[in-house]
Amino acid sequence: MKIHTYLSPPHMGKNELKYIKKVFKSNYIAPLGEYVNKFEESISKTINIKYSLALSSGTSAIHLALRVLGINKNDEIWASSWTFIGSVAPALYENAKLFFIDCDESWQLSPSLLLEEIQNRKTKKEKLPKALILTHLYGQMAKINEISKICKENNIFLIEDAAEALGAKYNGQYAGSFGDMGIFSFNGNKILTTSSAGMLVSDNEQWIKKAGFLSTQAREEEIFYEHKDYGYNYRLSNVLASIGVAQMEVLEKRVKKKRKIFLWYKKYLKDKVEYMPEIENSFGNRWLTTIILPCPYQKVLQALSDKGYESRPLWKPMHLQPLFKENDGIYNGVSEAFFKNGLCLPSGTKLKKKDVEKISRIVLENINRGSLKVKI
Ligand SMILES: *Cc1c(COP(=O)(O)O)cnc(C)c1O
């Protein structure tokens, strides 16, 4: 059957088209223009951070964060192993060495593995990494309090990959605003989308200025084109930024609906599956409802697909990717187990309760009973 219900399709509000029309009328179709500024301001204001830079993607935002910190082939970057490739591929662009860290019961990077590895390096008198890329997976907060403390104490720059976590909070503070820099994504299936965009945020004005310079081909301030360094064409177009401004207006609404969808699933699936936790004092955006089945996911995924529902396995950990077979890391088997039995359920914000009921019924009918649960 053809897919009729996607995992997390775009959900436009009332003002996106209106703002696009304004852009057309002004003819600021070309890069930059007032909506780029407005989009940046709305992010800065919402998450309470000083500076934001609108870019063409979340991946480019991470790349610029690394460039700004001067990461190169002599540096090591540590990162969550359980993440999406866009989170870590930029380290390869700069030929930095990647080292991966597994997760714990929070379904996120384990602070105790992080500490253990720092201790290992200290014992061996080896260098610590220059930066840690921490993903807040599926819109839920990682143990940001502990992790940012560890990074500060050990002079490791913290880059928060909040691509999936716009609107998530810990102790009332927004994801993306804890680290030295944070990034967001507005690609097609994120909680908000402009079709594609990214945002780099920081309280450090110099870094954001430098990133802005690199995002527009590193052009010096001359009338002619003068270059002392090389950059990229990473800036966001005014047209897409206008969609972003309208999407930011509905952020709270979208988060509310995503959380509601999660509760509906919980109501129907009860304790037959495990759910991604919300750590104490945190508030997730529940971008996708993610579950761990008591059996491998394949049969359930197929059954849903047969009925026209798109579901997806959880991210395949980076340390299991052929691309990274030579890379080292510190692992405990948790993300690997999650990958075997985990599933992302349809979580689009237009879903109705009866859709969730139908999907849940299919899930329950296709769970193999009696299999082992994931052990942490
Ligand atoms: C989507 C995503 C990215 C990359 O964002 P793009 O805008 O698609 O480049 C990075 N990290 C995570 C965890 C993501 O989910």
Side-chain angles (χ1 to χ4, degrees), residues 1-13 57-59 82-87 107 135-140 163-167 185-197 243 247 250 253-269 272-276 284-317 320-321 335 338-368:
M1 192 188 210
K2 208 171 153 282
I3 295 292
H4 53 69
T5 301
Y6 289 97
L7 198 66
S8 182
H11 185 171
M12 294 295 112
S57 69
T59 309
W82 206 30
T83 190
F84 169 64
I85 186 72
S87 188
W107 297 36
T135 303
H136 298 290
L137 210 65
Y138 298 119
Q140 299 299 107
E164 303 173 358
L166 182 60
S185 163
F186 299 84
N187 87 8
N189 71 7
K190 295 284 150 67
I191 188 161
L192 301 184
T193 183
T194 66
S195 76
S196 179
I243 303 175
Q247 285 275 280
V250 294
K253 239 171 145 175
R254 296 290 182 267
V255 172
K256 229 182 206 170
K257 183 66 192 278
K258 291 274 191 190
R259 290 177 62 89
K260 200 170 191 179
I261 290 167
F262 170 74
L263 289 177
W264 286 341
Y265 276 121
K266 233 179 146 177
K267 175 180 146 99
Y268 294 119
L269 294 171
K272 298 289 190 285
V273 301
E274 289 177 44
Y275 305 91
M276 186 166 191
N285 73 13
R286 294 284 178 196
W287 168 51
L288 298 178
T289 289
T290 49
I291 57 170
I292 305 289
L293 302 162
C295 56
Y297 66 81
Q298 283 84 351
K299 190 178 161 205
V300 177
L301 183 140
Q302 189 57 51
L304 285 168
S305 169
D306 289 345
K307 294 261 161 47
Y309 295 102
E310 183 190 30
S311 64
R312 208 179 275 173
L314 300 183
W315 298 124
K316 182 174 180 177
L320 301 181
Q321 302 288 352
S335 61
F338 284 170
F339 172 60
K340 278 198 184 113
N341 285 20
L343 206 59
C344 304
L345 297 173
S347 306
T349 37
K350 286 180 187 168
L351 276 185
K352 299 204 167 63
K353 197 173 175 186
K354 66 173 193 321
D355 301 319
V356 172
E357 190 180 4
K358 272 187 209 155
I359 296 163
S360 302
R361 199 176 314 128
I362 300 167
V363 172
L364 291 175
E365 284 167 6
N366 287 281
I367 290 177
N368 291 330

_Sub-4.5 Å side-chain heavy-atom contact between Tyr275 and Lys266_ = yes
_Validation row: Leu192, Leu166 side chains within 4.5 angstrom (heavy atoms)_ = yes
*Between Gly342 and Ile292, which heavy-atom pair has the shortest distance, and what is it?*
CA-CD1, 4.0 Å
*Which heavy atom in Ile243 sits nearest to a heavy atom in Met12, and how many Å separate them?*
CG2-SD, 3.9 Å
*asked:* Show the nearest heavy-atom pair for residues Asn285 and Glu164, with the distance to one decimal.
replied: ND2-O, 3.0 Å
_Looking at every heavy atom in both Tyr138 and Trp315, which two are closest together, and how far apart are they?_
OH-N, 2.9 Å
*Is Lys256 atom NZ crowded by more than 12 heavy atoms from other residues, nucleotides or ligands, each under 6.0 Å away?*
no
*For the pair Arg254 (side chain) and Gly167 (backbone), establish whether a donor and an acceptor sit closer than 3.5 Å, ignoring hydrogens and angles.*
no
*State, with a plain yes or no, whether a side-chain heavy atom of Trp82 is found less than 4.5 Å away from one of Leu314.*
yes
*Could you go through the side chain to side chain contact (heavy atoms under 4.5 Å, CB included) check for Thr290 and Leu137 one step at a time?*
CA-CA 10 Å; Thr290 49; Leu137 210 65; over 6 Å; no
*Look only at the side chain of Arg286 and the backbone of Gly139, and say whether a donor-acceptor pair between them is shorter than 3.5 Å.*
no
*Smallest separation among heavy atoms of Trp287 and Lys190, with atom names*: NE1-CA, 3.5 Å
_Tyr265 vs Val363, side chain to side chain contact (heavy atoms under 4.5 Å, CB included): CA-CA, chis, key distance, verdict_ = CA-CA 10 Å; Tyr265 276 121; Val363 172; over 6 Å; no
*Hey, what do you get for CG (Leu345) to CZ (Phe262), rounding to the nearest 0.5 Å?*
10.5 Å
*Is a donor on one side and an acceptor on the other found under 3.5 Å between the side chain of Lys258 and the backbone of Ser347?*
yes
*Closest approach of Arg312 and Asn189, non-hydrogen atoms and distance?*
NH1-ND2, 3.8 Å
*Kindly check if the number of other-residue, nucleotide or ligand heavy atoms within 6.0 Å of NZ (Lys299) is above 12?*
yes
*Atom CG of Leu351 and atom NZ of Lys358: how far apart are they, to the nearest 0.5 Å?*
11.0 Å
*Are the side chain of Ser196 and the backbone of Asn187 linked by a donor-acceptor contact shorter than 3.5 Å?*
no
*Is Glu357 reaching over with its side chain to a backbone N or O of Tyr268, donor-acceptor style, under 3.5 angstrom?*
no
*Can you tell me how far CD of Gln302 sits from CD1 of Ile362, rounded to the nearest 0.5 angstrom?*
12.0 Å
*Atom OG1 of Thr194 and atom CZ of Phe186: how far apart are they, to the nearest 0.5 Å?*
7.5 Å
*Stepwise side chain to side chain contact (heavy atoms under 4.5 Å, CB included) check, Lys350 with Lys257*: CA-CA 8 Å; Lys350 286 180 187 168; Lys257 183 66 192 278; 5.7 Å; no
*From Ile191 atom CD1 to Thr349 atom OG1, the distance as rounded to the nearest 0.5 Å*: 7.5 Å
*Rounded to the nearest 0.5 Å, how far does CG of Leu301 lie from SG of Cys344?*
10.0 Å
*asked:* For Val250 and Gln247: C-alpha separation, side-chain torsions, deciding distance, then whether side chain to side chain contact (heavy atoms under 4.5 Å, CB included) applies.
replied: CA-CA 5 Å; Val250 294; Gln247 285 275 280; 4.3 Å; yes
